[in-house]
Peer 1: 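Here it is, the structure, as structure tokens.
Throughout, protein chains are lettered first and strands after them, A, B, ... in sequence-line order, and every chain is numbered starting at 1. The figures that follow rest on heavy atoms only: side chains count, while hydrogens, waters and symmetry mates do not. All values reported here derive from a predicted model rather than from experimental measurement.
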Amino acid sequence: MISVAVQEADFDAGAELRALQADNPALGAVASFVGLMRDRNEGVAVTAMALEHYPGMTEASIRDIAEQACERWPLGGVRVVHRVGLIRPGEQIVLVAVSAAHRKEAFAGCEFIMDYLKTRAPFWKKETTAQGEERWVQARDTDQAAAARW
Amino acid sequence: MISVAVQEADFDAGAELRALQADNPALGAVASFVGLMRDRNEGVAVTAMALEHYPGMTEASIRDIAEQACERWPLGGVRVVHRVGLIRPGEQIVLVAVSAAHRKEAFAGCEFIMDYLKTRAPFWKKETTAQGEERWVQARDTDQAAAARW
Amino acid sequence: MIRVLFFASLREALGTAEIAVPWQAGLELPAGLIAAIARQQGEAAAAILADEQVICAHNQRVCKHPTALNAGDEVAFYPPVTGG
Amino acid sequence: MIRVLFFASLREALGTAEIAVPWQAGLELPAGLIAAIARQQGEAAAAILADEQVICAHNQRVCKHPTALNAGDEVAFYPPVTGG
């Protein structure tokens, strides 16, 4: 069971975990990841971030990534929530939660989805520095390398 | 910052994640794991589980494992909650949540702590099968192998 | 027509989020469409889109190889993604 | 005295969760203590503790090598752990 939400509103990570756990008593493991906005990026203080996306393709590409994870590992459920719009330091940006019978598969599925989401899903971040400058966040080679290992 | 709780009561995974997130706006990643009681083990339906532990050593060994994780990776915070006493299928058993600046370290720290907790912390599970038989859960070679890879 | 979308820094560089390009038989992605955009928006716009870093999506799927376009297709050009 | 604790299946097999063993100079973990337990609880109990699967903790830390005991120390014997 795959659930994908792309939304401006903040989300309740606990409720997402509960929704996965309610699924199926054969599942013993839920691995999850929450990405938060940091107050610095590449050494510069940042005060806000605008997250742009490609409506329609965003949801479809996340669902496609989740389906790939379900083909690679025997997963019970996948829930992804990704925010768009204006985000402030300390706020939640993204949640990926994955259930499975055992923890190895749950962790692998969760990391895989995060790595692919970072390098495949059409989101773009523009941050505002403490000096008031707006700049597009640059893609990171380490993210490409993380996705390439799967 | 390391928090360890060993308790009979169920826990609120969302509250644990929030407590980690509130720590520090320099942290961009929270990886977590929730272990749930499955309704079958080794092919047999189970209806309940009693979790015994070694009070005092349990908390100290979990803290020691968390400190080892903090030495290996630059982690922001670690929160571990482990239940003891009577647990039913579908209920939460354990939570490990780890924050870090970036996701690679958060995932590694979380998996490391789970692998070590499974093979080092003094907990023992006794399950009751659907036929009413009580049996001690046997340690798994796959858990030993998972801990040995670190 | 082909609906052509631009996102993020490409949207800003081109000064528009969306244009319509007339479809004609044999129109191919990416080279044919970029040539059509050059005629419509100018060579500078086309040069931006031809950068090897730019990603091209055809009907909301990433497109890495030359692909024939059909009337009504949706094409998007965007820079490397930075979500998550 | 040495406080000696047994957990889980060992507790059940030995029929007790805790015993006290008199301390004497030179008493060592594990062999010396297990011999003292044999005198006090019987050879069957000692055989259970001598199993290579059994884990021994000294003052709440796992103890893998021969270790001298001090009066008042706490020792625990337990089977492989199954938490998490």
Side-chain angles (χ1 to χ4, degrees), chain A residues 4 6 33-38 41-42 49-65 80-85 87 92-96 110-127 134-144 146-147, chain C residues 1-21 23 27-30 33-34 37 41 44-45 47-84:
Chain A
V4 175
V6 177
F33 179 83
V34 175
L36 306 164
M37 186 180 163
R38 297 189 302 135
N41 189 23
E42 291 170 9
M49 188 165 76
L51 245 162
E52 178 175 339
H53 75 125
Y54 181 174
M57 182 171 171
T58 315
E59 293 83 351
S61 64
I62 295 173
R63 188 166 287 276
D64 182 58
I65 290 164
V80 179
V81 185
H82 203 300
R83 290 179 64 198
V84 293
I87 296 177
Q92 302 183 121
I93 301 170
V94 60
L95 171 137
V96 173
C110 188
E111 268 201 274
F112 171 91
I113 291 169
M114 271 308 301
D115 286 345
Y116 267 57
L117 195 155
K118 282 252 180 195
T119 54
R120 306 281 197 277
F123 292 100
W124 303 273
K125 290 172 179 160
K126 188 178 208 176
E127 60 192 10
E134 293 192 350
R135 58 180 192 180
W136 290 101
V137 172
Q138 297 302 301
R140 300 161 62 102
D141 290 343
T142 53
D143 286 331
Q144 291 293 334
Chain C
M1 300 297 275
I2 305 292
R3 185 183 183 204
V4 183
L5 308 176
F6 309 112
F7 289 97
S9 57
L10 289 191
R11 174 176 50 71
E12 290 184 345
L14 295 169
T16 182
E18 177 172 350
I19 60 171
V21 175
W23 177 81
L27 186 63
E28 269 208 351
L29 199 61
L33 184 67
I34 290 176
I37 293 170
Q41 306 287 119
I48 290 167
L49 301 180
D51 185 296
E52 64 172 14
Q53 292 262 58
V54 168
I55 294 153
C56 177
H58 174 222
N59 292 336
Q60 305 196 350
R61 297 193 74 88
V62 170
C63 174
K64 291 183 174 169
H65 305 289
T67 304
L69 289 168
N70 294 308
D73 280 358
E74 178 175 299
V75 171
F77 293 93
Y78 56 79
V81 301
T82 56

Peer 1: Among A:Ala50, A:Ala121, A:Ala60, which residue has the highest count of heavy-atom pairs closer than 4.5 Å to chain C?
Peer 2: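 Ranked by heavy-atom pairs under 4.5 Å with chain C, first place is A:Ala121.
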Peer 1: As an exercise: rank C:Pro80, C:Ala76, C:Pro79 by heavy-atom pairs under 4.5 Å with chain A and give me the winner.
Peer 2: C:Pro79
Peer 1: Less than 4.5 Å to any heavy atom of chain C: does that hold for the side chain of A:Asp64, its backbone, both, or neither?
Peer 2: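 The side chain, not the backbone.
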Peer 1: By a 4.5 Å heavy-atom criterion (distance strictly below it), what part of A:Arg140 contacts chain C: side chain, backbone, both, or neither?
Peer 2: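 Nothing of A:Arg140, per the 4.5 Å heavy-atom cut-off to chain C.
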Peer 1: Could you measure the distance from the NZ atom of A:Lys126 to the CD atom of C:Glu12? Nearest 0.5 Å is fine.
Peer 2: 3.0 Å
Peer 1: Counting only non-hydrogen atoms closer than 4.5 Å, does C:Glu74 touch chain A with its backbone (N, CA, C, O), its side chain (CB onward), both, or neither?
Peer 2: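 Just its side chain gets close to chain A.
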Peer 1: First locate atom OG1 of C:Thr82, then atom CD of A:Glu52, and finally report the distance between them rounded to the nearest 0.5 Å.
Peer 2: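 These two atoms lie 9.5 Å from each other.
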Peer 1: Mind listing the closest non-hydrogen atom pair of C:Val81 and A:Ala139 along with its distance?
Peer 2: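 In terms of heavy atoms, the two residues are closest at O-CB, 3.9 Å.
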Peer 1: If every non-hydrogen atom of C:Phe7 is compared with every non-hydrogen atom of A:His53, which pair is closest and at what distance?
Peer 2: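 Result for this residue pair: CE2-O, 3.4 Å.
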Peer 1: Non-hydrogen atoms of chain A under 4.5 Å away: do they reach the side chain of C:Ile55, the backbone, both or neither?
Peer 2: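 The answer is neither part of C:Ile55.
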Peer 1: Ignoring hydrogens and angles, tell me if any N or O in the side chain of A:Lys125 forms a donor-acceptor pair with the backbone of C:Gly84 under 3.5 Å.
Peer 2: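 Here the side-chain-to-backbone pair exists.
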Peer 1: Give the member of A:Arg83, A:Met114, A:Lys118, A:Gln144 that has the highest number of heavy-atom pairs under 4.5 Å with chain C.
Peer 2: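 Highest number of pairs under 4.5 Å: A:Lys118.
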Peer 1: Under 4.5 Å from any heavy atom of chain C, what part of A:Gln138 do you find: side chain, backbone, both or neither?
Peer 2: backbone
Peer 1: A:Ser61 versus chain C, heavy atoms under 4.5 Å apart: side chain, backbone, both or neither?
Peer 2: neither
Peer 1: Taking all atoms of both residues into account, what is the closest heavy-atom pair of C:Gln60 and A:Met57, and its distance?
Peer 2: OE1-N, 3.0 Å
Peer 1: I need the minimum non-hydrogen distance between A:Tyr54 and C:Ala57, along with the two atoms involved.
Peer 2: CE1-CB, 4.4 Å
